[in-house]
Amino acid sequence: MRRIGIWIAVGGLLLVTAACGGGSGGSGTGGTPKAQSLSVGFVAEPANLDFTATEGAAIPQALLVNVYEGLVKLDQDGAIKPLLAEKWTVSDDRKTYTFTLRKGVTFNGGAPFTADDVVFSLDRVRTDWKLKIKAQFDVIDKVAKTDDTTAVVTLKQPSNGFLYALATRLGAMFSRTGVADLANKPVGTGPYTLGAWKRGESIRLDANPSYWGTKPVLSAITLKYFKDATAMNNALLTGGIDVISSVQAPESLQQFADPNRFQTVEGTTNGEVVLSMNNARPPFDDVKARQAVRYAIDHKALLDTAWAGRGQLIGSMVPPTDPWYEDRTGDYPYDPAKAKELLGGKTLTVKMRIPNLPYAVASAQVVKSQLAQVGITADIEPLEFPARWLDVVFKQGDYDLSIINHVEPRDMGIFADKSYYFHYDNPEFGKLLASADSGTDQQQTDDLKKAAKLLSDDAAADWLFLFPNLIVAKKGVTGLPKNAIAESFDFTALAKQ
């Protein structure tokens, strides 16, 4: 779930491929969009289209950058680039951000985009949004309009995470007259508009004829949703879709080995597949029990078995694309004897409630087998995702172990909220995050390295592997993202020959 300055919410609790294209809003060939369409296969359809009130990564995956735009955006390397803001300046005290807005931008309903919409959108995060991630904007003191093309954001104190958070869904710009039915009718400034939504099946995005930037090459993108990996693979093999956005069965890649028909793109994400432990109740309110779990897991064997060796072992909540990454895989080497010692000869029986998503189901079987070898019996219960998992595990906290892919950028801060479903509670961790956010760049890096080490020492969770970006597409599809380190799947670069 979130790759965001310091905080995150369950918005990132979903298997998602996400990437941002570069440039000023689009990366097509320019001119009028060609009469081409393309279908992309996904998992976990959005429950609705309002990411201001609904948890889950599927909504920003589909709509952010494509329908909704922000003042800034992330490129594939994680750099922050201008979008609706042509440029910005930061005061010497690092508390005042002045954004110069693009002229001639309109929402897809026809209303002009001005600084009034910036004030409305950023204020609305703090007053109307329902998600926990809105706390990232608690650092904002006020948002003001200087004139129609100038907006000024004043912070309470310097924040290294603010501009990065502004590139996430939190920074999406909304029309003052377009928020009446966000669950069904998104109104944005982006290169696409909502064309049709067949619930349980697909979402079609149509090229926005009044888009301010470079027009997308494709006239329509259809997002087709599959709950079964085999069905999605078959759809590509038989021509039902053009792209698998994220391969759900890596062992099936051999089916697409014919280079005359298919292409495979493999890169990285910032999605940490986390073996979650409920720190608030026995047995995992005991650090020794949590540490025993970490020693009991043979992570390489798990990755090889559950995900065909695709992905990367990282050992922490920090992916290698972040400046404060350190390889922490050596903190808890595979050591069943050490795990048994920490358990003190006790045997445990625990509930492992997981989402019914392929990576979680496959990983859970390996975890169950390895834990059994040290005296921990894990009873696996797959829950329908997102609704049942979010209710039982995320909201109620009724679980001992779970497995979920946290996909949002820079999401280590979720552990600072003891009400979050991990229920991890260490005030020192929160202090490190606060110091990192307000300090210099070097202080940020140093403090976040310390924070990641503290999480590891406390065994707040176990990090199984970093999820890979695996895309398979028909030959001739271009503009596919190699890396997925943002919340959206940016369709503006896609084309087909």
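Side-chain atoms are counted along with the backbone in the values below, which use heavy atoms only and exclude waters and symmetry mates. The structure displayed is predicted, hence computed values, not measured ones.
Rounding to the nearest 0.5 Å places OH of Tyr325 at 13.5 Å from CG of Asn270. Note that the CG atom of Leu49 and the CD1 atom of Ile203 stand 5.0 Å from one another [nearest 0.5 Å]. Going from atom CZ of Phe99 over to atom OG1 of Thr150 covers 11.5 Å, rounded to the nearest 0.5 Å. In this structure, the separation between OG1 on Thr106 and CZ on Phe113 is 11.0 Å, given to the nearest 0.5 Å. Once rounded to the nearest 0.5 Å, the distance linking OG of Ser202 with CG of Leu223 reads 8.5 Å. Considering CG of Asn483 and OG1 of Thr321, their distance stands at 8.0 Å, rounded to 0.5 Å.
Within the 3.5 Å criterion, the main-chain N or O of Gly439 finds a donor-acceptor partner in the side chain of Asn160. Remark: the backbone N or O of Phe107 is not paired with any side-chain donor or acceptor of Thr189 at under 3.5 angstrom. The closest donor-acceptor contact from the side chain of Ser121 to the backbone of Phe174 lies under 3.5 Å. Listed for the Arg169 side chain is no donor-acceptor partner under 3.5 Å among the backbone atoms of Ile59. A donor-acceptor pair is defined here as one N or O able to donate and one able to accept, closer than 3.5 Å; no such pair exists between the side chain of Asn108 and the backbone of Val187. In this structure, Thr445 contributes its side chain and Asp441 its backbone to a donor-acceptor pair below 3.5 Å. Distance alone, capped at 3.5 Å, is enough to place a donor-acceptor pair between the Asn469 side chain and the Lys482 backbone. In this structure, Lys73 contributes its side chain and Leu84 its backbone to no donor-acceptor pair below 3.5 Å. Although no hydrogens or angles enter the test, the distance criterion places a donor-acceptor pair under 3.5 Å between the side chain of Asn208 and the main chain of Gly190. For Ser402 (side chain) and Ser276 (main-chain N/O), no donor-acceptor pair under 3.5 Å exists by modelled atom type.
Inter-residue side-chain proximity for Trp389 and Leu357 is flagged as unmet; no heavy-atom pair is nearer than 4.5 Å. Looking only at side-chain heavy atoms (C-beta outward), Leu131 and Glu55 come within less than 4.5 Å of each other. At least one side-chain heavy atom of Arg310 sits under 4.5 Å from a side-chain heavy atom of Leu253. Contact of the Phe394 side chain with the Ile404 side chain is not registered, since no non-hydrogen atoms from C-beta on lie closer than 4.5 Å. Looking at Leu101 and Leu71, their side chains come closer than 4.5 Å, going by heavy atoms from C-beta outward. Side-chain contact between Thr52 and Val179 is absent, with no heavy-atom pair separated by less than 4.5 Å. At a threshold of 4.5 Å between non-hydrogen side-chain atoms, the residues Phe489 and Phe42 count as touching. At least one side-chain heavy atom of Ile133 sits under 4.5 Å from a side-chain heavy atom of Leu170.
In terms of heavy atoms, Ala44 sits closest to Ala58 at O-CB, 3.2 Å. Nearest heavy atoms, Tyr68 versus Ala172: CB-CB, 4.1 Å. The nearest pair of heavy atoms linking Ser435 to Asp447 is OG-OD2, 2.5 Å. Listed here is the closest heavy atom pair of Thr168 and Leu64: C-CD2, 3.9 Å. The minimum heavy-atom distance between Val67 and Pro186, with the atom names listed, is CG1-CB, 4.1 Å. Here the closest heavy-atom approach between residue Leu236 and residue Ala473 is recorded as CD2-N, 4.4 Å.
Within the structure, ring-ring contact (aromatic ring centres under 6.0 Å, His included) contacts touching residues 130-154 (residues at least two apart or in different chains) are Phe137-Phe162. Within the structure, salt bridge (Lys or Arg N to Asp or Glu O under 4.0 Å) contacts touching residues 196-207 (residues at least two apart or in different chains) are Arg204-Asp206.
Aromatic ring pairs are classed by plane angle as parallel below 30°, tilted from 30° to 60° and perpendicular above 60°; the pair Tyr424 and Phe429 is perpendicular. Between Phe422 and Tyr420, the angle of the ring planes lies from 30° to 60°, which puts this pair in the tilted group.
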Can you give me every donor-acceptor pair (side chain of residues 151-158, partner residue at least two apart or in another chain, under 3.5 Å) with its distance?
unit_1	atom_1	unit_2	atom_2	d
Lys156	NZ	Asp138	O	2.9

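Atom NZ of Lys474 sits in a crowded spot, with more than 12 heavy atoms from other residues, nucleotides or ligands closer than 6.0 Å. In the displayed structure, Lys450 atom NZ is contacted under 6.0 Å by at most 12 heavy atoms of other residues, nucleotides or ligands. At most 12 heavy atoms of other shown residues, nucleotides or ligands fall within 6.0 angstrom of atom NZ in Lys185. Counting non-hydrogen atoms of neighbouring residues, nucleotides and ligands closer than 6.0 angstrom, the NZ atom of Lys418 reaches no more than 12 such neighbours.
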In sequence, state the C-alpha distance, the side-chain angles, and the governing distance for Asp458 and Glu428, and then conclude on side-chain contact (heavy atoms from CB on, under 4.5 Å). CA-CA 12 Å; Asp458 283 350; Glu428 181 61 26; over 6 Å; no
Using the rule given for side-chain contact (heavy atoms from CB on, under 4.5 Å), can you reason through Phe226 versus Asn233, listing the C-alpha separation, both sets of side-chain angles and the distance that settles it, and then say yes or no? CA-CA 10 Å; Phe226 300 86; Asn233 289 346; over 6 Å; no
Checking side-chain contact (heavy atoms from CB on, under 4.5 Å) for the pair Lys496/Val243: CA distance, chi angles, key distance, verdict? CA-CA 11 Å; Lys496 61 181 182 180; Val243 180; over 6 Å; no
Mind running side-chain contact (heavy atoms from CB on, under 4.5 Å) on Gln263 and Leu480 for me, showing each step along the way? CA-CA 10 Å; Gln263 57 179 310; Leu480 295 164; 3.9 Å; yes
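We find that Lys95 and Asp141 are not joined by a salt bridge, their nearest charged nitrogen and carboxylate oxygen being 4.0 Å or further apart.
Taking Lys224 as the reference, nothing meets the side-chain hydrogen bond (donor to acceptor under 3.5 Å, both in side chains) condition, with sequence neighbours excluded. Taking the ring pair (Phe, Tyr, Trp, His ring centres under 6.0 Å) definition, one finds that Phe120 meets it with nothing, sequence neighbours left out. For Ser159, the side-chain hydrogen bond (donor to acceptor under 3.5 Å, both in side chains) partners are Asp437, not counting sequence neighbours.
Remark: the Ser488 side chain and the Asp490 side chain contain no N/O donor-acceptor pair separated by less than 3.5 Å. Side-chain contact check for Asn405 and Tyr359: no donor-acceptor pair (N or O, by modelled atom type) lies under 3.5 Å.
A salt bridge (charged side-chain N to carboxylate O under 4.0 Å, His left out) with Asp117 is found for one member of Arg176, Lys145, Arg124 and no other, namely Arg176.
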